[in-house]
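Structure, as structure tokens:
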2 protein chains.
Amino acid sequence: MGATKTDLFTKQQNEIAAMAKALAHPARIAILQYLVKKNACVCGDLVEELGLAQATTSQHLKELKIAGIIQGSIEGASVCYCINPKVWKQYKELFNTFFKDVDLQASCC
Amino acid sequence: MGATKTDLFTKQQNEIAAMAKALAHPARIAILQYLVKKNACVCGDLVEELGLAQATTSQHLKELKIAGIIQGSIEGASVCYCINPKVWKQYKELFNTFFKDVDLQASCC
DNA sequence: AAAATACATCGTAATATTGCGATAGCGAAA
DNA sequence: TTTCGCTATCGCAATATTACGATGTATTTT
């Protein structure tokens, strides 16, 4: 045991959970906010910005890249990361849909 | 090591991450969707609905309750769970804000 | 009162995540 | 070419999550 039983759930449920998981760490939120703020591509100053070790930062970047929400391209000696607008939009829409239709009044307990 | 270094990040970043964490499991997504769909309060049929053991289901419910997004009240022998509309709205707004202002065109790499 | 039902919690095993030092690989600069 | 800076990956330790059986605690039923 210990592993998530993904087969019990729908594809959509697993997808939403996977997206949420990508956002489920403050460092990754900070990275995304930084990338959004700078708009232009930013590279290794993330290490300095975050205060985490280089290896740790790289790992978080990798997870965000696997989730698809950011993309990186080699820029000489360094690597240029930025938001993947397409996937960003997907995230936005999925969460929007998820949160949308609830009758906020009807709290029964 | 191994523990998240929350002190490195802003309160808001930690908050968003914590919210995302609450959603970062398909069982919890399924629970929320079920509660939204039924609108009325639903109790222990969640165990049957999910296909997870009773203990596991209860644990997921606990996490959602700690996150504040659901609330439970004792209803005789069973417990009645439902969405907390206030917190649900907060989640919605926070994620909305987070995803809102990005220039989707400007993918530089 | 005893048995049954509905949940929560404890304890534990399996697995995943987080974090970092060390190291490897690659392009740039000297 | 050697050296340097930047990033990815490996290996490991600490911690967290997931899952479940067993057990405890109410309440309801018999």
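- Put simply, CD1 on A:I66 is 14 Å from C1' on C:dA16, counting in whole angstrom units.
- The distance between atom CG of A:D7 and atom P of D:dT18, rounded to the nearest whole Å, is 15 Å.
- Between A:G76 and A:A27, the residue whose closest nucleotide on DNA chain C is further toward the 5' end is A:A27.
- Between B:F99 and A:W88, the angle of the ring planes goes over 60°, which puts this pair in the perpendicular group of the 30/60° scheme.
- The backbone N or O of A:Q54 lies less than 3.5 Å from no partner atom in the side chain of A:S58, so there is not a single donor-acceptor pair.
- Remark: B:K21 is not in phosphate contact with D:dA16, judged by side-chain N or O atoms under 4.0 Å from OP1 or OP2.
- A heavy-atom distance below 4.5 Å is found between the side chains of A:H60 and A:L52.
- Here D:dT18 presents its P atom at 13 Å from CG of A:N14, a figure rounded to the nearest Å.
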Report summary line: Protein-proximity profile, nucleotides 1-8 of chain D, B/S/- by nucleotide at the 4.0 Å heavy-atom cutoff, equals -----SBB
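- Atom P of nucleotide C:dT18 and atom CD1 of A:I29 are separated by 12 Å, given to the nearest angstrom.
- Taking all atoms of both residues into account, the shortest heavy-atom contact from A:F95 to B:L23 is CE2-CD1, 4.2 Å.
- Residues B:Q33 and A:F98 are in side-chain contact: their nearest non-hydrogen atoms beyond the backbone lie under 4.5 Å apart.
- Scanning both residues, A:P85 and A:Q71, for their nearest heavy atoms gives CD-OE1, 4.4 Å.
- Between the CG atom of B:L64 and the C1' atom of C:dA8 there is a distance of 15 Å, rounded to whole Å.
- Here B:T4 does not reach the OP1 or OP2 of C:dT18: none of its side-chain N or O atoms lies under 4.0 Å away.
- Of the candidate nucleotides D:dA16, C:dC20, D:dA19, C:dC20 has the atom nearest to the side chain of A:L52.
- The phosphate of C:dT18 (OP1 or OP2) has no side-chain N or O of A:T56 nearer than 4.0 angstrom.
- Counting heavy atoms from C-beta on, the side chains of B:I69 and B:N84 never come closer than 4.5 Å.
- Put simply, A:K5 has a side-chain N or O that comes within less than 4.0 Å of OP1 or OP2 on D:dC20.
- Between the CG atom of A:L8 and the P atom of D:dT18 there is a distance of 14 Å, rounded to whole Å.
- Computed from coordinates, the B:L46 CG to D:dA19 P distance equals 15 Å when rounded to whole Å.
- One interatomic measurement links the two molecules: CD of B:E48 to P of C:dA6, which rounds to 11 Å at whole-angstrom precision.
- Base engagement by B:Q59 is indicated by at least one non-hydrogen atom pair under 4.0 Å involving a base atom.
- Residue A:H60 places no side-chain N or O under 4.0 Å from the OP1 or OP2 atom of C:dT17.
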